[in-house]
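As structure tokens, the structure follows; a few thoughts come after it.
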Protein chains: 2
Amino acid sequence: MPKVNLKDLAKSLNISVSTVSKALRDSYEISNETKKKVIAKAQQMGYNPNPYAGFLRNNKSKTIAILIPELTNNYFIQAISGAETIAQENNYHILIYATNNNIEKESSILKHLNNGRVDGILMSVSSNTSQYNHIEELIRNGIPIVFFDRICHEIETAKITTNDFASGFMATEHLLQTGSKKIAYLSISEHLSIDHKRKQGYLEALNKHDIQLEKELMIQCSDDEKTNIDKIKKLLTSKKRPDGIFASVEKLALTTYHLCKELKIRIPQDLKIISFSNLRTADLLNPSLTTITQPAYEIGKEAASILFKYLAKRKSLIPNENIVINSKLTIRDSTNPDL
Amino acid sequence: MPKVNLKDLAKSLNISVSTVSKALRDSYEISNETKKKVIAKAQQMGYNPNPYAGFLRNNKSKTIAILIPELTNNYFIQAISGAETIAQENNYHILIYATNNNIEKESSILKHLNNGRVDGILMSVSSNTSQYNHIEELIRNGIPIVFFDRICHEIETAKITTNDFASGFMATEHLLQTGSKKIAYLSISEHLSIDHKRKQGYLEALNKHDIQLEKELMIQCSDDEKTNIDKIKKLLTSKKRPDGIFASVEKLALTTYHLCKELKIRIPQDLKIISFSNLRTADLLNPSLTTITQPAYEIGKEAASILFKYLAKRKSLIPNENIVINSKLTIRDSTNPDL
DNA sequence: TTTATTTACGATATCGTTTTCGTTACATTT
DNA sequence: AAATGTAACGAAAACGATATCGTAAATAAA
């Protein structure tokens, strides 16, 4: 039953609890001899400090939370992985919460966190988040939040994103340059800033090349896979079928792939596809998928680094800052004009 | 600065702290009137209990840890997702740790957890784990551990796995039935029970069909992608090249896909491939990949459920139990004999 | 009326740390 | 010799909640 605490240590050394505590924290008040003895005894007795006692005393938990819309998503997992790496380096612990794109769940989780359980939060907002009260309250209570990817412009803090507008522009231009004339945009949520920016890039590229926007080509998808399938199928079987598709998120590109298989639409001959994606098997798909890939791991690292920087400073108010880490276009067969 | 605690509530209500505490916990000692008042006031003042004070007092943290070898792995993510669902239902929180297949890191993380920070642990052991002292100590200290997938037979507790032996047997037989004569097995780690069982299934299938094992066909891979590439490339370019491959994990199948592309080996005509995998794009690969898929989400749910069951009982010693959730074979083109 | 019993609440110890503030004993300065 | 300084330690008060007592008043039983 080696549940040894400071008191036990003190007793077995015949010194006071405070001396033991200070010795272990390497205080200048304690002589080197005593420190050696204490450390040796602690080692021997297998002392392991109770974290919660310290948290209570110091109002610091060495723990952060990561809130993401969904776990089963390559982008978010890579971002978490990056954040986790930095957390381990800083001896921080990570609590994970999936909001499942449910604003009530997001709000409820944040309420639970609004009590000192975590020192800070990394989050990507739920896609239908349109009220920010529950987020602002955390910050008012001194719990800093750093946003990544699905950010919240309305809140003053650090935000890590990729160059969504430029990437959307680039993706669309790539489709144009590889021969597409009628390009559709698959949107995942009208409430998301990233989606909006990618769409703006799409529109700007069309504009630059003097292409009239056809509204039927902008498909508003959602988290409901079934209605997505219906909408995209309708798009692909309409007489005004596009010859190029720009998917704002990976999931929609994969749905399109499935539908093309079903509808015998050839990629890239009949339809070219480009998508934001962190799929590691993009080059093994049939055909391989041209992607805009976000440096998700780096984004996670950066977000965590910024948070820890301010936590170390004991500053809970993080000034507004927009950090952009560029995505990379990887051209593959799904937009190959020579196939 | 709404950092209101029980004392503040008590003061503003002119009653004692203990009464407030009991009222909020719906104690029978408190009258309904008082309860109403307290609850209303708590609501009004935005009271949010400090979790760590309670944890300290009760020696319970409503938190569990999940330790996995790596985050960027479809199987583990789905398992985490399942566990997270159950955790949210039970109002438990989840700390995530990646061991990166590093036994020292695993050991160090477990040491950090050996102090009441978590009530219990869900874990998949690091692939080179061969000593179990660091794990046994946790259990001795009353922190229950449930294993999933990469389990530790030597420790008495609940273990959730899939039917690895039968699945290995089935995979190998499927290759035989689709025409493969020389079947290679790609192993990920000789220290892993799951690998060992899958391999036994492979050997048993060969035996059943009176096929002599050729030792050069059992490739011992690792976490080092480079040496894996070398070994598999050597296998694929040898004169005794196999015409079927059974990959024990997804990663090795993907490496093989890449190498086949590079070496112009046609799948499935020249080489058939089957693999354990939770890839969601298995059917979109070129060619689509025949998989043995574990119900990872369910495995995660099951593991968490068992842990919570014992935590609710305040029983920290979980009796030994082997729970098997069967995998499913999905036949696709990578083993299609008619292509 | 006296003695139990119940109801509703308060005082206080406790969980295990950290930290402030004393308090020695001894060395150093005037 | 008196005053000051310093090094090394201990006592005790936090941190915020919970649970064990105790106790007053009100009710019931004798």
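Chain identifiers are assigned alphabetically (A, B, ...) following the order of the sequence lines, protein sequences preceding nucleic acid strands; residue numbering begins at 1 within each chain.
- A/K7 places its NZ atom 11 Å from the C1' atom of C/dA13, with the value rounded to the nearest Å.
- Note that the NZ atom of A/K37 and the CG atom of A/N14 stand 10.0 Å from one another [nearest 0.5 Å].
- Rounded to an integer number of Å, the gap from CG of B/L13 to P of C/dA8 is 17 Å.
- When the side-chain nitrogen and oxygen atoms of A/N5 are compared with OP1 and OP2 of C/dG16, one or more of them lie within a distance under 4.0 Å.
- No contact: A/P51 has no heavy atom under 4.0 Å from any strand.
- The shortest side-chain heavy-atom distance between A/V125 and A/L67 does not fall under the 4.5 Å cut-off.
- Taking the charged nitrogens against the carboxylate oxygens, B/K35 and B/D26 do have a contact shorter than 4.0 Å, which makes a salt bridge.
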Which pairs of donor and acceptor atoms, one on a side chain in residues 69-83 of chain A, lie under 3.5 Å apart (sequence neighbours left out)?
from, atom 1, to, atom 2, distance (Å)
A/E70, OE2, A/N73, ND2, 3.0
A/N73, OD1, A/Y75, N, 2.8
A/N73, OD1, A/F76, N, 3.3
A/N74, ND2, A/E250, OE2, 2.8
A/Q78, OE1, A/N278, ND2, 3.2
A/Q78, NE2, A/N278, O, 3.2

B/T63 vs A/R117, test: side chain to side chain donor-acceptor pair (under 3.5 Å). Steps then yes/no. CA-CA 11 Å; B/T63 306; A/R117 186 181 252 273; 3.2 Å; yes
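- At whole-Å resolution of the value, CZ in B/F55 and P in C/dT17 are 17 Å apart.
- Donor-acceptor pairing under 3.5 Å, judged by distance alone, is absent between the side chain of A/S16 and the base of D/dA11.
- Put simply, A/T34 has a side-chain N or O that comes within less than 4.0 Å of OP1 or OP2 on D/dC9.
- DNA chain C lies under 4.0 Å from at least one heavy atom of each of the following residues of residues 19-32 of chain B: B/T19, B/K22, B/E29, B/I30, B/S31.
- Closest contact between the side chain of A/R57 and the listed nucleotides C/dC15, C/dT12, C/dT18 involves C/dT18.
- Heavy atoms of B/N58 sit under 4.0 angstrom from primed sugar atoms or phosphate atoms, though from no base atom.
- The interatomic distance linking A/K35 (NZ) with D/dA8 (P) rounds to 9 Å, in whole Å.
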Please test A/S18 against A/S21 for side chain to side chain donor-acceptor pair (under 3.5 Å), starting from the C-alpha separation and ending with a verdict.
CA-CA 5 Å; A/S18 33; A/S21 171; over 6 Å; no
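- Using cut-offs of 30° and 60° for the angle between ring planes, the A/Y52 and B/Y52 rings count as parallel.
- The local environment of NZ in A/K60 is crowded, with over 12 non-hydrogen atoms from other residues, nucleotides or ligands closer than 6.0 Å.
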>> Between A/N115 and B/N50, is the side chain to side chain donor-acceptor pair (under 3.5 Å) condition met? List the steps.
In response: CA-CA 6 Å; A/N115 56 10; B/N50 181 317; over 6 Å; no
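- The side chain of A/Y47 places an N or O atom within less than 4.0 Å of a non-bridging phosphate oxygen (OP1 or OP2) of C/dT17.
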Carefully, step by step, assess A/N114 and B/N48 under the rule side chain to side chain donor-acceptor pair (under 3.5 Å). CA-CA 7 Å; A/N114 192 7; B/N48 215 340; 5.2 Å; no
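- Both B/A53 and B/S18 sit near DNA chain C, but only B/S18 has its closest nucleotide nearer the 5' end.
- In this structure, CD of B/E33 is placed 12 Å from C1' of C/dT7, rounded to the nearest angstrom.
- Taking atom CG of B/N59 as the reference point, atom P of D/dA19 lies 13 Å away to the nearest angstrom.
- Residue order along DNA chain C, read from the 5' end via each residue's closest nucleotide, puts B/N14 first among B/N14 and A/P49.
- Spacing between atom CG of B/L6 and atom C1' of D/dA19 amounts to 13 Å, rounded to whole angstrom units.
- For DNA chain C, the stems formed by at least three consecutive Watson-Crick or G-U pairs, with both atom-pair distances below 3.5 Å, span C:5-30 with D:1-26.
- Put simply, OH on B/Y52 is 15 Å from P on D/dT18, counting in whole angstrom units.
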